[in-house]
Amino acid sequence: GNSGTSTLTSFFGSRAMNPPITVCVEGNIGSGKTTFLKHFKKFPDVCVFDEPISKWRDCQGYNLLDLMYKDPRKWSLCFQSYVQLTMLDLHTKPIVEPIKMMERSIFSAQYCFVQNLRNEGLIEDAQYAVLSEWFNFSTANLPIKLDLIVYLRTDPEVAFNRIAQRGRSEENSIKMEYIQSVHKLHEDWLVNNQKLLPCPVLTIDANLELADMAPNYQLCEEKMFQKQK
Ligand code: DGT
(Lines give C-alpha, C1' and ligand atoms only; values in the text may rest on other atoms or scores of the structure.)
Protein backbone atom coordinates (compact mmCIF):
# COMPACT_ATOMS: atom_id res chain seq x y z
CA GLY A 1 0.00 0.00 0.00
CA ASN A 2 0.85 3.66 0.16
CA SER A 3 2.57 3.67 3.51
CA GLY A 4 4.97 0.94 2.35
CA THR A 5 6.00 3.01 -0.63
CA SER A 6 6.64 6.12 1.40
CA THR A 7 8.75 4.17 3.90
CA LEU A 8 10.87 2.90 1.04
CA THR A 9 11.17 6.36 -0.47
CA SER A 10 12.30 7.92 2.78
CA PHE A 11 14.78 5.08 3.33
CA PHE A 12 16.44 5.56 -0.04
CA GLY A 13 16.03 9.30 0.23
CA SER A 14 18.06 9.42 3.43
CA ARG A 15 20.72 7.18 1.86
CA ALA A 16 20.97 9.44 -1.14
CA MET A 17 21.69 12.39 1.13
CA ASN A 18 24.37 10.36 2.92
CA PRO A 19 26.37 8.61 0.21
CA PRO A 20 28.77 6.01 1.59
CA ILE A 21 32.41 6.65 2.35
CA THR A 22 34.17 5.01 -0.58
CA VAL A 23 37.59 3.39 -0.31
CA CYS A 24 39.38 2.08 -3.43
CA VAL A 25 42.25 -0.35 -3.10
CA GLU A 26 44.86 0.21 -5.80
CA GLY A 27 48.18 -1.38 -6.70
CA ASN A 28 49.98 -3.35 -9.36
CA ILE A 29 48.71 -6.67 -10.69
CA GLY A 30 49.63 -9.19 -7.99
CA SER A 31 50.05 -6.60 -5.23
CA GLY A 32 47.52 -8.38 -3.02
CA LYS A 33 44.39 -6.26 -3.38
CA THR A 34 41.95 -9.16 -3.14
CA THR A 35 43.58 -10.53 0.02
CA PHE A 36 43.67 -7.07 1.55
CA LEU A 37 39.95 -6.56 0.87
CA LYS A 38 39.03 -9.94 2.34
CA HIS A 39 40.09 -8.73 5.77
CA PHE A 40 37.37 -6.06 5.73
CA LYS A 41 34.48 -8.39 4.99
CA LYS A 42 34.06 -9.03 8.71
CA PHE A 43 32.92 -5.48 9.49
CA PRO A 44 29.14 -5.08 9.32
CA ASP A 45 29.49 -1.39 8.40
CA VAL A 46 31.58 -2.18 5.34
CA CYS A 47 30.31 -3.40 1.99
CA VAL A 48 33.20 -5.06 0.15
CA PHE A 49 32.64 -5.54 -3.56
CA ASP A 50 33.92 -8.66 -5.20
CA GLU A 51 36.67 -8.42 -7.77
CA PRO A 52 35.45 -7.07 -11.10
CA ILE A 53 37.79 -9.53 -12.84
CA SER A 54 35.16 -12.27 -12.68
CA LYS A 55 33.01 -10.12 -14.98
CA TRP A 56 35.92 -9.47 -17.35
CA ARG A 57 36.36 -13.22 -17.68
CA ASP A 58 32.70 -13.76 -18.50
CA CYS A 59 30.87 -11.07 -20.44
CA GLN A 60 27.90 -12.97 -21.83
CA GLY A 61 30.20 -15.97 -22.06
CA TYR A 62 33.22 -14.16 -23.55
CA ASN A 63 36.50 -14.10 -21.64
CA LEU A 64 37.55 -10.56 -22.53
CA LEU A 65 40.61 -10.72 -20.26
CA ASP A 66 41.92 -13.71 -22.18
CA LEU A 67 41.15 -12.15 -25.56
CA MET A 68 42.96 -8.97 -24.51
CA TYR A 69 46.13 -10.81 -23.42
CA LYS A 70 46.14 -13.06 -26.50
CA ASP A 71 45.67 -10.26 -29.05
CA PRO A 72 45.94 -6.83 -27.41
CA ARG A 73 45.85 -4.86 -30.65
CA LYS A 74 42.54 -6.35 -31.58
CA TRP A 75 40.85 -6.55 -28.17
CA SER A 76 42.21 -3.82 -25.88
CA LEU A 77 39.61 -1.22 -26.82
CA CYS A 78 36.79 -3.68 -26.29
CA PHE A 79 38.27 -4.86 -22.99
CA GLN A 80 38.86 -1.34 -21.63
CA SER A 81 35.40 -0.30 -22.66
CA TYR A 82 33.98 -3.13 -20.53
CA VAL A 83 36.36 -2.39 -17.64
CA GLN A 84 35.05 1.17 -17.66
CA LEU A 85 31.45 -0.04 -17.54
CA THR A 86 32.06 -2.48 -14.66
CA MET A 87 33.87 0.26 -12.72
CA LEU A 88 31.05 2.73 -13.25
CA ASP A 89 28.63 0.07 -12.07
CA LEU A 90 30.58 -0.35 -8.81
CA HIS A 91 31.17 3.39 -8.29
CA THR A 92 27.50 4.24 -8.61
CA LYS A 93 25.88 1.20 -6.95
CA PRO A 94 23.82 2.22 -3.92
CA ILE A 95 24.49 0.24 -0.73
CA VAL A 96 22.95 0.23 2.73
CA GLU A 97 26.26 0.08 4.64
CA PRO A 98 27.99 3.41 5.42
CA ILE A 99 31.32 2.32 3.91
CA LYS A 100 32.03 0.96 0.43
CA MET A 101 35.29 -0.78 -0.42
CA MET A 102 36.23 -1.76 -3.93
CA GLU A 103 39.16 -3.13 -5.92
CA ARG A 104 40.58 -0.56 -8.35
CA SER A 105 38.63 2.30 -9.87
CA ILE A 106 37.81 4.00 -13.13
CA PHE A 107 40.86 6.18 -12.40
CA SER A 108 43.46 3.39 -12.40
CA ALA A 109 41.83 1.90 -15.49
CA GLN A 110 42.42 5.21 -17.28
CA TYR A 111 45.65 6.47 -15.73
CA CYS A 112 47.50 3.16 -15.46
CA PHE A 113 46.10 0.68 -17.97
CA VAL A 114 44.70 2.75 -20.85
CA GLN A 115 47.74 5.01 -20.58
CA ASN A 116 50.04 2.00 -20.79
CA LEU A 117 48.26 0.65 -23.87
CA ARG A 118 48.75 4.00 -25.51
CA ASN A 119 52.42 4.22 -24.49
CA GLU A 120 52.98 0.75 -25.96
CA GLY A 121 51.15 1.65 -29.18
CA LEU A 122 48.59 -1.12 -28.58
CA ILE A 123 45.63 1.18 -29.13
CA GLU A 124 45.24 3.76 -31.88
CA ASP A 125 45.21 7.47 -31.00
CA ALA A 126 41.56 7.68 -32.06
CA GLN A 127 40.67 4.74 -29.76
CA TYR A 128 42.50 6.42 -26.91
CA ALA A 129 40.57 9.62 -27.64
CA VAL A 130 37.20 7.84 -27.38
CA LEU A 131 38.11 6.09 -24.10
CA SER A 132 39.33 9.41 -22.71
CA GLU A 133 36.11 11.18 -23.70
CA TRP A 134 34.05 8.51 -21.90
CA PHE A 135 36.33 8.81 -18.88
CA ASN A 136 36.09 12.62 -18.82
CA PHE A 137 32.35 12.57 -19.24
CA SER A 138 31.80 9.94 -16.56
CA THR A 139 34.02 11.50 -13.92
CA ALA A 140 32.52 14.94 -14.53
CA ASN A 141 28.84 13.96 -14.63
CA LEU A 142 28.25 10.74 -12.70
CA PRO A 143 28.16 10.44 -8.91
CA ILE A 144 31.66 8.97 -8.50
CA LYS A 145 32.79 9.87 -5.04
CA LEU A 146 36.12 8.68 -3.66
CA ASP A 147 37.18 9.34 -0.08
CA LEU A 148 40.34 7.30 0.28
CA ILE A 149 42.72 5.38 -1.94
CA VAL A 150 44.73 2.63 -0.29
CA TYR A 151 47.84 2.10 -2.40
CA LEU A 152 49.36 -1.33 -1.96
CA ARG A 153 52.88 -0.47 -3.01
CA THR A 154 55.09 -3.33 -4.13
CA ASP A 155 58.38 -3.71 -5.91
CA PRO A 156 57.68 -4.89 -9.44
CA GLU A 157 59.73 -8.05 -8.74
CA VAL A 158 57.47 -8.96 -5.83
CA ALA A 159 54.30 -8.45 -7.89
CA PHE A 160 55.79 -10.46 -10.75
CA ASN A 161 56.66 -13.40 -8.50
CA ARG A 162 53.19 -13.43 -6.98
CA ILE A 163 51.59 -13.46 -10.43
CA ALA A 164 53.81 -16.40 -11.42
CA GLN A 165 52.93 -18.25 -8.22
CA ARG A 166 49.17 -17.94 -8.56
CA GLY A 167 49.31 -19.15 -12.16
CA ARG A 168 46.15 -17.51 -13.54
CA SER A 169 45.94 -18.96 -17.05
CA GLU A 170 45.25 -15.66 -18.86
CA GLU A 171 48.35 -14.11 -17.28
CA ASN A 172 51.01 -16.60 -18.41
CA SER A 173 52.19 -14.26 -21.18
CA ILE A 174 52.88 -11.36 -18.78
CA LYS A 175 56.45 -10.05 -19.00
CA MET A 176 58.46 -8.31 -16.30
CA GLU A 177 58.62 -5.17 -18.48
CA TYR A 178 54.81 -4.94 -18.42
CA ILE A 179 54.73 -5.14 -14.62
CA GLN A 180 57.44 -2.47 -14.45
CA SER A 181 55.43 -0.15 -16.71
CA VAL A 182 52.22 -0.65 -14.72
CA HIS A 183 54.22 -0.02 -11.52
CA LYS A 184 55.65 3.21 -12.88
CA LEU A 185 52.20 4.47 -13.91
CA HIS A 186 50.83 3.77 -10.41
CA GLU A 187 53.80 5.64 -8.94
CA ASP A 188 53.34 8.60 -11.28
CA TRP A 189 49.68 8.84 -10.30
CA LEU A 190 49.70 8.00 -6.58
CA VAL A 191 53.15 9.15 -5.43
CA ASN A 192 54.55 11.64 -7.96
CA ASN A 193 51.30 13.59 -8.44
CA GLN A 194 51.44 13.56 -12.22
CA LYS A 195 47.71 12.97 -12.65
CA LEU A 196 44.63 14.22 -10.91
CA LEU A 197 44.21 12.66 -7.46
CA PRO A 198 40.52 12.33 -6.63
CA CYS A 199 41.13 11.94 -2.85
CA PRO A 200 43.87 11.40 -0.24
CA VAL A 201 46.13 8.35 -0.57
CA LEU A 202 47.22 5.94 2.15
CA THR A 203 50.38 4.17 0.95
CA ILE A 204 51.08 0.76 2.40
CA ASP A 205 54.19 -1.41 2.08
CA ALA A 206 52.72 -4.45 0.37
CA ASN A 207 56.05 -6.23 -0.12
CA LEU A 208 55.44 -7.67 3.34
CA GLU A 209 54.29 -11.24 3.76
CA LEU A 210 50.67 -11.72 4.78
CA ALA A 211 51.67 -12.56 8.37
CA ASP A 212 53.19 -9.09 8.78
CA MET A 213 50.29 -7.12 7.33
CA ALA A 214 48.26 -6.70 10.56
CA PRO A 215 49.52 -3.17 11.40
CA ASN A 216 48.61 -2.08 7.86
CA TYR A 217 45.07 -3.37 8.19
CA GLN A 218 44.80 -1.37 11.38
CA LEU A 219 46.10 1.78 9.72
CA CYS A 220 43.48 1.47 7.05
CA GLU A 221 40.70 0.75 9.56
CA GLU A 222 41.63 3.87 11.54
CA LYS A 223 41.60 6.14 8.49
CA MET A 224 38.39 4.67 7.18
CA PHE A 225 36.35 4.73 10.36
CA GLN A 226 37.70 8.17 11.19
CA LYS A 227 36.26 9.46 7.91
CA GLN A 228 32.94 7.94 8.78
CA LYS A 229 32.60 10.19 11.83
P1 DGT B 1 45.71 -8.59 -6.71
O2 DGT B 1 44.61 -9.10 -5.83
O3 DGT B 1 46.35 -7.34 -6.18
O4 DGT B 1 46.70 -9.65 -7.08
O5 DGT B 1 45.00 -8.08 -8.02
P6 DGT B 1 44.61 -8.87 -9.31
O7 DGT B 1 45.82 -9.07 -10.14
O8 DGT B 1 43.78 -10.06 -8.99
O9 DGT B 1 43.64 -7.81 -9.98
P10 DGT B 1 43.97 -6.63 -10.99
O11 DGT B 1 42.76 -5.79 -11.08
O12 DGT B 1 45.23 -5.95 -10.62
O13 DGT B 1 44.21 -7.36 -12.36
C14 DGT B 1 43.40 -8.38 -12.85
C15 DGT B 1 43.82 -8.70 -14.27
O16 DGT B 1 43.25 -7.76 -15.15
C17 DGT B 1 45.32 -8.59 -14.50
O18 DGT B 1 45.68 -9.58 -15.43
C19 DGT B 1 45.51 -7.21 -15.06
C20 DGT B 1 44.24 -6.97 -15.76
N21 DGT B 1 43.75 -5.60 -15.66
C22 DGT B 1 43.12 -5.04 -14.63
N23 DGT B 1 42.63 -3.83 -14.96
C24 DGT B 1 42.98 -3.64 -16.23
C25 DGT B 1 42.77 -2.61 -17.14
O26 DGT B 1 42.14 -1.58 -16.90
N27 DGT B 1 43.34 -2.82 -18.34
C28 DGT B 1 44.09 -3.91 -18.67
N29 DGT B 1 44.63 -3.99 -19.87
N30 DGT B 1 44.25 -4.92 -17.84
C31 DGT B 1 43.70 -4.78 -16.66
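All ligand and atom numbering here is 1-based and tracks the order in the structure.
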### Task
Compare Gln115, Lys33, Arg168 and give the one whose heavy atom is closest to atom 8 (O) of ligand 1.
Arg168
### Query
Residues in side chain to side chain donor-acceptor pair (under 3.5 Å) with Gln115, at least two apart?
Asn119, Tyr128, Lys195
### Message
If we set the cut-off at 4.0 Å for heavy atoms, which region of Thr34 has an atom near ligand 1: side chain, backbone, both, or neither?
### Response
both
### Summary
Nearest non-hydrogen protein atom to atom 11 (O) of ligand 1, with distance, is Arg104 NE, 2.7 Å
### Task
Heavy-atom contacts with Glu51 under 4.0 Å: which atoms of ligand 1 show up? List them by number with element.
8 (O)
### Query
Non-hydrogen atoms of Phe36 versus ligand 1: any pair closer than 4.0 Å?
no
### Query
Relative to atom 4 (O) of ligand 1, which among Glu103, Arg166, Glu171 owns the nearest non-hydrogen atom?
Arg166
### Message
Heavy atom to atom 19 (C) of ligand 1, shortest distance: which of Tyr178, Tyr69, Phe79 holds it?
### Response
Tyr69
### Task
Write out the residue and atom name of the closest protein heavy atom to atom 29 (N) of ligand 1, then the distance separating them to 0.1 Å.
Gln80 OE1, 3.0 Å
### For ligand 1, the portion of Arg162 having any non-hydrogen atom under 4.0 Å away
neither
### Summary
Numbered in order shown, the ligand 1 atoms found under 4.0 Å of a heavy atom of Val83 are 26 (O)
### Query
Taking the six-membered ring where the residue is Trp, are the ring centres of Phe79 and Trp56 under 6.0 Å apart?
yes
